[in-house]
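One structure below.
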Amino acid sequence: MKKKFALALAALMMTGTLAACGSTNTNNNAGSATDGTSVTSETPNVDAIKEKGEIIMLTNAAFPPFEYQADDGSIQGVDVEIAQAVADKLGVNLKIVDMDFNSITNSLKSGKGDFAAAGMTITEERLKQVDFSDEYVTSSQVVVVRSDSDLEGDKAAIDAALSGKNIAVQEGTTGDWYASGDEENTGSTIKNANVLQYKSATEAGLHLANGKADAIIIDQKPAEAIVAANDGKLKILDTKLTDEQYAFAVQKGQEDLRDVINEVIAEYKGDKVDELITKHMGA
Ligand code: GLN
């Protein structure tokens with residue numbers, strides 16, 4: 001048996017397979033490998049990305065300042081810069097795949113990308129499906145209304161006032177869950193709203209400005225971007241509906257990749273993220 005193994009090993013060495021893995025220590029553990037591999041790396045996912053020479057980010061490029069399409073058609077934003085730093089750290093190219101926000105979690109689960117960076121809020125619901133990095137931005141859901149609206153009050157008063165109304169949201173977001181009255185995940189007490197689900201924050205803004213919706217429930221910074229893009233027609237209410245944290249998401253169990261992302265996030269969190277937000281709000 002041992003001899004047979006030694007022969008097989010010699011044959012493999014000749015093809016260069018083992019030499020390419022850099023392993024010289026196969027005798028002790030190779031016998032226990034049942035799948036033909038003799039080396040177990042502690043960073044299998046990071047290794048695979050380096051091997052490909054590319055890391056794939058899943059996002060929805062309609063969520064400024066975190067990700068948006070620039071005039072030249074390229075995808076830019078705070079998340080893109082942090083993701084680029086992750087790619088640089090690994091010495092690979094960053095590829096960005098743009099899709100509906102609602103599809104990101106499933107696409108990540110099925111391996112269409114290596115991580116998601118999409119101003120994504122950490123929620124219990126999502127934690128069942130993916131793992132999150134450390135958080136890098138604190139945000140809230142806010143309400144955008146037309147400038148002549150007299151809607152005001154605390155969270156309870158606003159929830160009551162929005163009950164039964166037409167609320168525009170970006171589909172599949174925590175704002176969507178809030179408008180739909182998902183008390184468990186968001187603490188919302190809105191009842192029976194007519195929730196208008198759009199693919200992007202920009203579209204939601206348009207439909208509020210043209211009167212189709214009574215309000216938008218969306219994250220703070222995209223809300224500011226919507227208001228800025230609508231020439232004084234819209235405003236944000238002061239009342240914050242939720243407290244949320246953004247993080248990058250990876251497939252469950254990919255701790256080696258998550259560690260690299262966390263190292264980059266530790267460098268960016270705070271001042272550097274704030275600077276990026278300012279830079280991309282003005283873009
Ligand atoms: N932060 C919100 C969420 O995670 C919205 C994210 C987005 O639209 N890109 O649901």
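Every number for a ligand or one of its atoms is a count from 1 in the order of the listing. All figures in this text were calculated on a predicted structure; none of them were measured in a lab.
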ring-ring contact (aromatic ring centres under 6.0 Å, His included) filter on Tyr198, not counting sequence neighbours, yields His207
*Check ion pair Lys52-Asp114 (N to O, under 4.0 angstrom)*: yes
Any salt bridge between Lys269 and Glu135, counting N to O under 4.0 Å?
yes
Distance filter under 4.0 Å, heavy atoms only, around ligand 1 gives Phe63, Phe101, Ala118, Gly119, Met120, Thr121, Arg126, Gln170, Thr173, Thr174, Asp219, Tyr246
Does either side chain, that of Thr242 or that of Tyr178, offer a donor lying less than 3.5 Å from an acceptor on the other one? no
Heavy-atom closest pair (Ala116 atom, Met120 atom, distance to 0.1 Å) is CB-CE, 4.4 Å
With a 3.5 Å distance limit and no angle check, can you tell me whether Asp131 reaches the backbone of Gly253 through a side-chain donor-acceptor pair?
yes
